[in-house]
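Side chains are part of it too, since the values below use all heavy atoms of this structure and drop only hydrogens, waters and symmetry mates. Proteins come first, then strands; the chains are lettered A, B, ... in the order of their sequence lines, and each starts at number 1.
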Amino acid sequence: MINITFPDNSIKSFNQIPTGMEIAVSISEGFARNCVAMKINDQLKDLSAQVQSDCAVSFITTKDEEGLDILRHSSAHVMAEAVLHLYPDAKLTIGPVVEDGFYYDIDMAPISEEDLVAIEARMKGIIDAKTEFTRKVVSKSQALEIFKDNPFKLELINELDDSQEISLYQNGQFIDLCRGPHIPQTGMIKGFKLLKISGAYWRADQSREQLQRLYGISFFDKKQLNQYLTLIEEAKKRDHRKLGVKLDLYSFHDEAPGMPFFHAKGIDVWNALLDYWRYEHKKAGYVETKTPLMLNKKLWVQSGHWENYRENMYTSVIDDEEYAIKPMNCPGGMLLYKTKAYSYRDLPLKAGEIGLVHRHELSGALSGLFRVRAFHQDDAHIFMMPSQIGEQVLNVLNLAKRIYSRFGLDFHLELSTRPKKSIGSDQQWEEATNGLKAALDQYGQQYFINEGDGAFYGPKIDIHIKDALGRTWQCGTVQLDMSLPERFDLTYKGQDNEKHRPIMIHRVIYGSLERFFGILVEHFAGKFPLWLAPVQVILLPINQDLADHAEQIKSQLESFNIRCEVDARSETLKKKVRDAQLNYIPLIVTIGDKEKETQTLSVRTLDGNVKMGLTIDDFTQPVLHHIKERTLDEAIF
RNA sequence: GCCGAUAUAGCUCAGUAGGUAGAGCAUCUCACUUGUAAUGAGAAUGUCCUCCGUUCGAUUCGGGGUAUCGGCUCCA
């Protein structure tokens, strides 16, 4: 008699040893059809596994995230099988699940995207055949024999702990080394697509073999696949590299790879972002400072950057002295701090800086505004007493929340701990990491931990925002630094009349202004809210005799600091409206004879609604209100 | 930086099996003077990314370089 406990604490008894599938069927056939795998006492198992003794069993279904991961892992096997069928000499390496699908790294001659079609066709055959996945446990020597022709698998097998069970999974003729679990049969893959192909190194090591990485995605439901593909299409339409250039916000030039040029309209948005930043930071007790772009090598040696960050720094020799363009603002900030003596009463000292930094990123890593070589950080350094860490980190998190919500962006938090390459003592790291943890616990939002992902000078909290398409981007970061204050011998006078070492926070909220700008372009799909829109109002005189009147209104609106343009071209109104809509100008104001006579305006919003007969006041009041409050509302009238 | 792909007018793209190129949009001119998503006609526009090579001749073929794209990697 085997007693099985389910998650709802109900117990079911079986006379003989059942498999997971048998248990699922005993619940209902329909339920069993949607089962992917199970957990026996929290351990993931295949449905074909037998339940040998009394235990707790829960099922992973097609609705669970874990179920989707299992499906995708199985999809990777199916893809590998298809590849081996078409390219018998290919050598498989590893095929994991990633955030957005799965991939398999394969040692084979480079193929192109067109070749994916044939692989997909083969995969379809395997899926239609609904072949079962079966698990087999083998000894290490058996495994070594089976994979004797594949050096990658041999390497993996040899690295396995002797206590670890070595399992193989077979579907049809295809066998792969794999921990599992897998879906019961390939027919569960209802929708799949191979997305792209790229190079990757074995073990991400440039000195090792160059492999072909084939990416794919799969779902239990064809509809979900289509939704996913639609999302990709939508993301493509919003691509800031296209959209921002089309909207005349910025451009990229061969002469300065990784260094964007901002156009007049782009700078309007940029300044609106900065105005808002200054407004919030002033309120939060920050002062604004500015440090030079280029500083002597000695400073970078002292700060530790020369040792830890040199390969990313631009350098130059001036008057026989070596200088570096700053890749970070902090060392300059250290010099600022040292210009006077501080009392504990001065702390916390919050010094912001919109600092232009240059980092020599790998050429292949550059991408639009998202990955550049020159960018502005909305940096700030907070100097404080150790007792203030929790409060100050918490203040930063709250400030970040206020700012992100202004753009309608949600976020989540990640804590990164000490990396291999780092400076500072064990004790400093522990103290700093605990300080961040304490603040996070107080903030109360759940957070993830990234072991070893901290900056070389301290642990950090990264803030990842989520855009309108559900994509996440790391923007903000709060980094505790117990090392720089020591290297620069920063002090303050305590209540006890003794010198003490302040602790320092580096933090950014937009992160990189360039990058944040790009994210906003995609987040809003080019349709900036009124307060950010480069052109807030466009005036369309319906004939050229009315152009002067339109110019007059423009001057009036500009006196209120409303960003305004007149389209006086000799085009039809239809055409001008269309162009304004395509440029996502929030407010389109038509000026005809009627309006001139009655001194009113007709306003069209981006949703196509038209309101007529507004006096200048009727118009400017709500507009100014929305700009001042920086609302996201599209409904202004 | 590495692997693969791409590079033609301001933009999107076609084309030339090697004989110096073209369409739409944008621009300019003229006519039209327009009432809420494209008025019409005409004109102008290119080191066909760059350098070297093969060739009588290269935008086209080959090689080097640069930039961009997809990844690896790195990170804000």
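Taking only side-chain nitrogens and oxygens, A:R604 comes nearer than 4.0 Å to OP1 or OP2 of B:A37. Taking side-chain N and O atoms only, A:R371 has no distance below 4.0 Å to OP1 or OP2 of B:G70. Residue A:S570 places none of its side-chain N or O atoms closer than 4.0 Å to OP1 or OP2 of B:U33. The phosphate of B:G70 (OP1 or OP2) has no side-chain N or O of A:Y103 nearer than 4.0 angstrom. Residue A:K575 has a polar side-chain atom (N or O) positioned under 4.0 Å from OP1 or OP2 of B:A26. Regarding contacts with the backbone of B:G4, every side-chain N or O of A:K196 stays at 4.0 angstrom or more from both OP1 and OP2.
Note on A:D593: a base of the nucleic acid sits closer than 4.0 angstrom, heavy atoms only. Heavy atoms of A:E311 sit nowhere under 4.0 angstrom from any nucleic acid atom. Across all strands shown, A:L582 has heavy atoms under 4.0 Å from base atoms, whether or not it also approaches the sugar-phosphate. Among the heavy atoms of the strands, none lies under 4.0 Å from A:E514. Across all strands, A:R213 comes closer than 4.0 Å only to sugar-phosphate atoms, never to a base (heavy-atom distances). Across all strands, A:F252 comes closer than 4.0 Å to no nucleic acid atom at all (heavy-atom distances). Within the nucleic acid shown, A:K242 comes within 4.0 Å of sugar-phosphate atoms alone, with no base atom in reach, counting heavy atoms only. Across all strands, A:G355 comes closer than 4.0 Å to no nucleic acid atom at all (heavy-atom distances).
Residue A:H240 is tested with A:F524, A:F252, A:F370 for a ring-ring contact (aromatic ring centres under 6.0 Å, His included); the sole match is A:F370.
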task = Quick one: do A:F517 and A:Y510 satisfy ring-ring contact (aromatic ring centres under 6.0 Å, His included)? Show the steps, please.
result = CA-CA 9 Å; A:F517 195 143; A:Y510 289 152; over 10 Å; no
key: Dot-bracket encoding per residue of RNA chain B, Watson-Crick/G-U cut-off under 3.5 Å, | denoting interstrand   = (((((((..((((.....[..)))).(((((.......))))).....(((((..]....))))))))))))....
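Closest contact between the side chain of A:A200 and the listed nucleotides B:U36, B:C72, B:A76 involves B:C72. Minimum atom distance to the side chain of A:T572 is reached by B:U34, of the listed B:U36, B:U34, B:G70.
Distance noted for atom C1' between B:C48 and B:A14: 13 Å (whole Å).
Atom pair A:R310:CZ and B:C74:P shows a separation of 21 Å (rounding to whole Å applied).
Once the 5.5 Å centre distance and the 30° plane angle are applied, the aromatic ring of A:F375 is found stacked with the base of B:A76.
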